[in-house]
Asks: 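Here it is, the structure, as C-alpha cells.
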Amino acid sequence: MRFLIPLVLVVASLVGSARAETFVETYLRAQGGDVEAAFRLAQYFEQQKEQVHHEADALHWYKMAARQGQVEAQVLLAKKYAEGEGVVKSSVRTLRWYRMAAEQGHVGAQYALGEMYYLGKGVRQNFPRAAKWMRAAALQGDLEAQVMTAFFYARGRRVLQDSEKSFQLYRLAAWRGHHEAQVRLMNLLLDGNGVEKDERAAFRWALKIARRGADEGQYQVGAGYLFGRGGVARDPQKAMEWFMKAAEQGNYKAKHNIGVMYEHGDGVKQNLQMACMWYTIAAFWGSHRSDHHLRKLRPVLTEEQYVEARRWAFQYMEAKGEAAR
C-alpha cells in the first residue's frame with residue numbers, strides 16, 4: 001500500500017497532546033502499534049479520501065485501530081459495512097464490529113445491535129438478544145433504547161413481561177421529552193393496563209402533547225372535555241374545538257366524534273347532513289363505528305341530502321389530499 005506523506009504537514013486533527021504533532025510523527029507511532037495514533041491517521045485519510053488512495057488508507061488504519069480495541073474505529077467500520085461506504089456491504093462484518101464495540105460499552109453500538117436483532121436486519125430476528133442490548137443502552141441513558149426496552153417489558157416479546165418496569169421507563173423517557181413515550185404513558189394512565197389508572201395525570205400528558213400540535217393529544221383532550229374526565233368539567237364546545245384540531249391532522253377517531261356531536265346536537269347545532277359528512281370521512285379511513293352510524297342515518301336523510309353530504313365529504317378529503325388513498 002502506498003501512503004502519500006507530506007513531510008512538513010501539520011494536521012490539526014492529529015492533536016494528541018499539548019502540542020500539535022506532525023503527520024510523520026503520528027504515522028510512525030501508528031506503525032509502531034499506537035492505537036490512538038492509528039485512529040487519528042484514519043480520520044485524516046477519511047478527510048482526504050477524495051484524493052487517490054486515501055479511502056483505502058483510511059480503511060486500513062481504521063481496521064488497524066479497531067483490531068486493537070479502539071471503540072470509535074469499530075463503530076465507524078460497522079457503519080461503513082452497513083452502508084457499503086468504500087467497502088462491499090456486509091451484515092456479518094457490521095454485526096462483528098458493532099458487537100465488539102457494544103461489549104466495550106459503546107451505547108450507540110449497543111442500540112444498533114439491539115435494532116439489528118429486533119428488526120432481523122442482516123441477522124436472524126432474535127428478541128432476547130435485542131432486549132439484552134437495548135437494556136444495556138437504556139441503562140446508559142440512551143433515550144430511544146429506554147423507549148424500546150419499555151416496549152419489550154410491556155409486550156413480553158420473549159423476555160420477561162413487567163408492566164411496572166415498562167411504565168417507569170416510559171415515564172422516564174416522557175419526562176425527557178420523547179413524543180412516543182409521552183403518548184404511550186398517556187394511554188397507559190387512561191387504560192390502567194398493568195398500572196394504576198390515573199385520568200388526571202393522563203389528561204395533563206394529553207394537554208402537553210396537544211399543545212405541541214400532536215393529534216393523539218388533541219383527540220384525548222377533546223375526549224376529556226366531552227366526557228368530563230381527567231379533572232375537567234364537561235364542555236362540549238371545547239371538545240369540538242380540540243376534535244377539529246385533531247381531525248385537521250387526519251385523526252379518524254376525532255372525525256367520528258365530530259359526526260356523533262353533529263348527530264346529537266352536542267356542543268353544536270344538530271345537523272344530520274354534517275354528521276353524515278364526518279361519518280363518511282371517518283369510515284373512509286377505517287372507522288367501523290362510523291359505518292354503523294351511516295347505516296342508521298341513511299334512512300333518515302333524503303336521497304338529495306345524503307348525496308350532498310357525501311359530496312361535501314369527498315370535497316373535504318380532496319382539499320386535504322386525503323382522497324387519493
Side-chain angles (χ1 to χ4, degrees), residues 71 75 78-79 82 98-99 101-121 125-224 229-232 242 245-246 249-251 253-254:
V71 69
V75 172
K79 290 178 179 178
Y98 271 142
R99 183 185 289 126
E103 286 170 351
Q104 292 195 73
H106 190 283
V107 66
Q110 290 170 342
Y111 180 85
L113 205 54
E115 187 177 49
M116 287 181 74
Y117 281 120
Y118 175 67
L119 298 175
K121 191 165 62 176
Q125 198 171 44
N126 188 314
F127 291 124
R129 287 186 183 180
K132 169 190 171 182
W133 290 112
M134 285 295 180
R135 259 199 313 264
L139 287 170
Q140 293 199 71
D142 184 276
L143 184 57
E144 293 295 335
Q146 287 172 349
V147 174
M148 280 300 299
T149 304
F151 170 77
F152 278 117
Y153 279 129
R155 300 295 179 90
R157 300 299 297 268
R158 301 188 191 175
V159 294
L160 182 65
Q161 190 168 13
D162 191 322
S163 298
E164 181 59 28
K165 283 184 179 178
S166 175
F167 175 75
Q168 294 299 337
L169 281 168
Y170 276 137
R171 186 166 63 178
L172 176 61
W175 278 115
R176 294 179 65 190
H178 193 283
H179 172 74
E180 184 185 346
Q182 290 176 347
V183 172
R184 288 181 181 271
L185 180 64
M186 173 187 72
N187 290 329
L188 281 172
L189 291 165
L190 270 174
D191 300 336
N193 185 15
V195 297
E196 186 177 351
K197 190 172 183 177
D198 189 338
E199 290 185 347
R200 287 175 179 268
F203 187 83
R204 288 195 297 271
W205 280 109
L207 200 56
K208 187 180 184 71
I209 296 163
R211 284 172 174 163
R212 279 209 317 273
D215 68 284
E216 304 100 319
Q218 292 166 344
Y219 170 76
Q220 290 297 350
V221 171
R229 72 186 184 198
V232 297
W242 283 106
K245 289 176 188 286
Q249 297 195 73
N251 189 297
K253 292 185 290 186

Asks: How would you list, by chain and number, every residue that makes a salt bridge (charged side-chain N to carboxylate O under 4.0 Å, His left out) with K197, sequence neighbours excluded?
Replies: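 Once residues adjacent in sequence are excluded, the partners of K197 under the salt bridge (charged side-chain N to carboxylate O under 4.0 Å, His left out) criterion are E199.
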Asks: Roughly how far, to the nearest 0.5 Å, is NZ of K253 from CD of Q220?
Replies: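 Rounded to the nearest 0.5 Å, the CD-NZ separation comes out at 6.0 Å.
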Asks: For a quick test of reading the model, state the closest non-hydrogen atom pair linking A246 to A254 and the distance between them.
Replies: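 Heavy atoms of A246 and A254 come nearest at CB-CB, 3.7 Å.
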Asks: Specify the closest pair of heavy atoms between L185 and A174, including all atoms of both residues, with the distance to one decimal.
Replies: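 It is CD2-CB, 3.8 Å.
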Asks: Can you tell me how far apart OH (Y153) and NZ (K165) are? Round to the nearest 0.5 Å.
Replies: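 If I round to the nearest 0.5 Å, the distance is 4.0 Å.
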Asks: What pair of heavy atoms forms the shortest contact from F152 to Y118, and how long is it?
Replies: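 F152 and Y118 have their closest heavy atoms at CZ-CD1, 3.6 Å.
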Asks: Just verifying a value: how many Å separate E144 CD and E180 CD, rounded to the nearest 0.5 Å?
Replies: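 So the CD of E144 and the CD of E180 are separated by 7.5 Å.
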Asks: Not counting sequence neighbours, which residues clear side chain to side chain donor-acceptor pair (under 3.5 Å) with D142? List them please.
Replies: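 Once residues adjacent in sequence are excluded, D142 has no partner under the side chain to side chain donor-acceptor pair (under 3.5 Å) criterion.
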Asks: Assess the residue pair Q218 and D215 against the criterion (side-chain contact (heavy atoms from CB on, under 4.5 Å)); give the C-alpha distance rounded to whole Å, side-chain angles, the decisive distance to 0.1 Å, and a yes or no.
Replies: CA-CA 5 Å; Q218 292 166 344; D215 68 284; 4.1 Å; yes
Asks: Tell me, which pairs form a salt bridge (Lys or Arg N to Asp or Glu O under 4.0 Å) where one or both residues lie in residues 106-116, sequence neighbours left out?
Replies: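 The answer is E115-K121.
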Asks: Could you name each residue pair satisfying salt bridge (Lys or Arg N to Asp or Glu O under 4.0 Å) that touches residues 186-195, not counting sequence neighbours?
Replies: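 The answer is none; no pair qualifies.
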Asks: So how far is it from L169 CG to F151 CZ, rounded to the nearest 0.5 Å?
Replies: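 Answer for the CG-CZ pair, L169 versus F151, is 13.5 Å.
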Asks: Step by step, work out the side-chain hydrogen bond (donor to acceptor under 3.5 Å, both in side chains) result for Q168 and E164.
Replies: CA-CA 6 Å; Q168 294 299 337; E164 181 59 28; 2.6 Å; yes
Asks: Return the set of residues passing side chain to side chain donor-acceptor pair (under 3.5 Å) with E196 (not counting sequence neighbours), or none when no residue passes.
Replies: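 So E196 forms no side chain to side chain donor-acceptor pair (under 3.5 Å) with any residue.
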Asks: Of all heavy-atom pairs between H106 and Q140, which one has the smallest distance, and what is that distance?
Replies: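 Scanning both residues completely, I find the closest heavy atoms to be C-NE2, 4.5 Å.
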Asks: Can you list everything that forms a salt bridge (charged side-chain N to carboxylate O under 4.0 Å, His left out) with E103? Sequence neighbours excluded, please.
Replies: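 So E103 forms no salt bridge (charged side-chain N to carboxylate O under 4.0 Å, His left out) with any residue.
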Asks: Please name the pair of heavy atoms, one in A173 and one in A181, separated by the smallest distance, quoted to 0.1 Å.
Replies: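 Answer, listing the atom of A173 first, then A181: CB-CB, 3.6 Å.
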Asks: Just jot down the side chain to side chain contact (heavy atoms under 4.5 Å, CB included) partners of A82, sequence neighbours excluded, or say none.
Replies: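 A82 satisfies side chain to side chain contact (heavy atoms under 4.5 Å, CB included) with T94 once adjacent residues are dropped.
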Asks: Mind listing the side-chain donor-acceptor pairs of residues 202-212 below 3.5 Å, one per line with the distance, residues two or more places apart or on another chain?
Replies:
from : atom 1 : to   : atom 2 : distance (Å)
R212 : NH1    : Q182 : OE1    : 2.7
R212 : NH2    : H179 : ND1    : 2.8
R212 : NH2    : Q182 : OE1    : 2.9

Asks: Quick check: closest heavy atoms across L113 and A102, and the distance to 0.1 Å?
Replies: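 Answer, listing the atom of L113 first, then A102: CD2-CB, 3.9 Å.
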Asks: Please identify each residue that fulfils ring pair (Phe, Tyr, Trp, His ring centres under 6.0 Å) with Y111, with sequence neighbours left out.
Replies: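 Y111: no ring pair (Phe, Tyr, Trp, His ring centres under 6.0 Å) contacts found.
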Asks: Tell me, please, which residues at least two apart from R129 pass side chain to side chain contact (heavy atoms under 4.5 Å, CB included).
Replies: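 Checked R129 against side chain to side chain contact (heavy atoms under 4.5 Å, CB included); matches are Y117, N126.
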Asks: List for me each residue that meets side chain to side chain contact (heavy atoms under 4.5 Å, CB included) alongside A138, sequence neighbours excluded, and say none if there are none.
Replies: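 Result, side chain to side chain contact (heavy atoms under 4.5 Å, CB included) vs A138: A145, Q146, T149.
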Asks: Look up atom CG in L190 and atom CZ in R229, then write down how far apart they are to the nearest 0.5 Å.
Replies: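 Atom-to-atom, L190:CG and R229:CZ are 5.5 Å apart.
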